[in-house]
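Written below as structure tokens is the structure these notes are about.
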Amino acid sequence: MTTVCYVSSFVPPELIAACGCRPRRVVPTLPEDRPLGAEGRCPYAQAWLQTALETARRETESLFISVTTCDQMRRISELMPPRTFLLNLPSTRTDFSFRYFCRELIRLKTFLCTEAQTSFDATRLGHRIEPSPIAEQTEPRQLRVALLGGPLPPPLRNALHALMKPFDAAIVLDAAEDRLPDTDAQLSANAFTRLARRCFQIPTVRQRPNHDLYAWFADRLQHAQADGVLLLRYLSCDLWHAAAWELKNQLTIPCLEIDLDGGSALPASAESRIQAFLETLSR
Amino acid sequence: MNSPAQISLSQWKDRYRQLAGAGLAERCFGGPLERHVRAGDTRLRHLKFDNSPAALALWNLLLSENDRLRQHQKAGRKIVAAMKDLGTLPVMTLAFDNLVAFYPDGAWWTPCLMEQNEGLFELAERHGLDESYCPVRAMLAAFINREHFPQPDLLISSTGAVCDDFAAVARRLEYLGFAMHWWEIPHRRTPSPGEPAVRLPTGFLAPTSQVAFVRRQLRGVLRQLEQASGARLTTDKLAAAIRKANAFRRTLDQIRVLAYTADIAPIGSLELLIAEMLAIHFCSNYDEALAVLNDLLREIRARVDRNVGVLPRRAARIFWINPVADLRAMNLLEKCGGRVCGTEYLFAHALDPIPEDIDPLEALAQAALADPMVGAAADRAERILRDLRRFKAEGVIISRIPGASHCAYEGKLIGDALRQRTGLPVAEIEVPTLSDAAAPSIRTRLEALIETITQRRQP
């Protein structure tokens, strides 16, 4: 069975499965010793590219899906392995752009079936593969922290948890980009449209206008009763850097913006700042 | 003094007196260049200018735009800010008598021209856009402090396949309360086998479904323009606007061909850069801009006929990719022994003719999707390759714009493609808004490229 690798929440794994392929959501490997991000390149985009190229060398039959979630992801698609599909995600959220997104998913379906030499099984569209990934801490903690920003591979998440432990802090809302939730679309005619709508409605820093992202986040923050927000973004990520400023102006709770240099560990300066932030919150 | 030459601002003082004494006929925006320095454009003191009356008119047209915009508003015309889109919206606006398109992104040069004494970057930083963003962040500040261009009546910005810097700047404007109409331009992709496709004005192939998408978006833009104007636009009027735009583009093409293929560079690269920029939105006055362009064409043609120019005959022929944040860099190239023979300043689609034999809105949709920046860098490289051969360039400079998200990858992609396909030397440089401190290192790279070119000429 052909494996299809992707990183973005906007790729519906059910569609991949319905095309007779194996969906594999990839966590790009950030290097331990040498952070990526030279010359204005996003370390995460670079990591995805490198991971994809290495995977393609090892698993020659694999397919890849990239999404136009930002300019850098759009541009690295030219360097991705040959059997890569670039899913064009509209920035606007109108009915018209939704129909365009549906056509993109149909195009993706055709690509997968052609490349994998399989046929499409629409009955598999309704079998949900990934449940809503928001992690919500239910046990009481002294400090309740919300997470927002770019995608966070496990080593960075683990590092965060380790920093939080001494403060009896927990992430009560994990809304980093790779964890932003889809929303079940209830009023849709068929499974395909429901699937498309589910992905299309994911709040994103890229959409224009992007009031939805802030409205969604404010609502979830209130629900989670967070004491503060950690916004972690990669160096050269213009979109999250810009969003951070607006969030800081809008939120009534403290928000700390941290740059990530693309290494698999938190930079020492970031650790100090996070610790100081948690200390401030705990007072 | 009547021989073609590049002269300084102070030399232009004497030159202007000479021309005025000889009965120089100027347009309403004419006058000595140093008045712009008094108005704050102090960078002019460090530039070299062509000494022709045509060049004087060109500079005066460019540097008087803000005044012109104010006059338009006083006369009851509405100003439409065409943001990010380089060349499509202004053509649509041209079809309305009471609308004027303006390109506020052009404020990215204000910090250069005013040598950062105007404080736009600082103001942008106070609003969350620091130096990690490209100089277009100056546009945000110019909207906020209202000290440069007058407030446009309508803001229309493209989104989708745009650079992240601009996406952030435009969004910040909306956040600060500026009403924005967004229209989407999708990432232009290669058509799938068997998929209906069309060849766009720049030569790229695109699926007809994407053209249809953009056409629908432009219909939304048109509704906004009609609302602002209070008038419905007919197909004939839009077709007439396209013909006008094409007339402008044909004139510019003649200038480019003459200037880039001549034995001796008839005029400097700085004036040619400004001439190209006029094509984007006609500098807020189509008739004046076309007249200035025609004067420039006449001057260049006369010089080419006499086989005279402003640079040495053996100047290295350089294809320049991307506009520079500091205009002085163009003079620096020439000082190092180079001349510009071909350009791709991010808006090739504003130079190519728009089809006139199809529905006008369809034609504009094709033109918009032909934007080199909305597709793959490989497409852009193809377009560059065509012009490179057309203008017989001997080397290439890729000029990175500090902080621009697209420069992170395209330099390598384009540079590698050009090296592979042509064997020409390619140099990548970064030009900051004020390049004085970086001038020695930029100069070293330019000289190295030119030296390579010169050595390759030897049998």
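All heavy atoms count here, side chains included; hydrogens, waters and symmetry mates do not. Throughout, a chain's letter reflects where its sequence line sits, starting with A, and its residues are numbered from 1.
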Interface residues of residues 128-135 of chain B facing chain A - heavy atom cut-off under 4.5 Å: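 Those residues of residues 128-135 of chain B which have a heavy atom under 4.5 Å from chain A are G128(B), L129(B), D130(B), S132(B), Y133(B).
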Contact part of [X] toward chain A, heavy-atom cut-off under 4.5 Å: side chain, backbone, both or neither?
| X | answer |
| --- | --- |
| E430(B) | neither |
| A161(B) | both |
| V169(B) | neither |

Intermediate values then yes/no, side chain to side chain contact (heavy atoms under 4.5 Å, CB included), Y409(B) and Q46(A): CA-CA 10 Å; Y409(B) 291 95; Q46(A) 282 279 95; 3.2 Å; yes
What residue, out of [options], has the most heavy-atom pairs lying under 4.5 Å from chain B?
| options | answer |
| --- | --- |
| V205(A), T92(A), N249(A) | T92(A) |
| H211(A), R103(A), K248(A) | H211(A) |
| R75(A), R74(A), Q72(A), Q207(A) | R74(A) |

Check whether any side-chain heavy atom of [X] lies under 4.5 Å from a side-chain heavy atom of [Y], and answer yes or no.
| X | Y | answer |
| --- | --- | --- |
| P186(B) | Y100(A) | yes |
| Q250(A) | Y175(B) | yes |
| D71(A) | D165(B) | no |

Where on [X] is there a heavy atom nearer than 4.5 Å to chain B: the side chain, the backbone, both, or neither?
| X | answer |
| --- | --- |
| E78(A) | side chain |
| Y214(A) | side chain |
| E104(A) | side chain |

Any side-chain donor near an acceptor of the partner, N88(A) and R189(B), under 3.5 Å: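 Short answer, no.
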Considering all heavy atoms, the nearest D238(A)-G403(B) contact: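 Taking D238(A) first and G403(B) second, the nearest heavy atoms are OD2-O, 4.2 Å.
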Parallel, tilted or perpendicular: ring planes of H127(B) versus W245(A), cut at 30 and 60 degrees: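 Rings of H127(B) and W245(A): tilted, 30 to 60°.
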Charged N-O contact under 4.0 Å between R171(B) and E246(A):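 Yes, R171(B) and E246(A) are salt-bridged.
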E184(B) with R208(A): basic N within carboxylate O range, under 4.0 Å: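 Salt bridge absent between E184(B) and R208(A).
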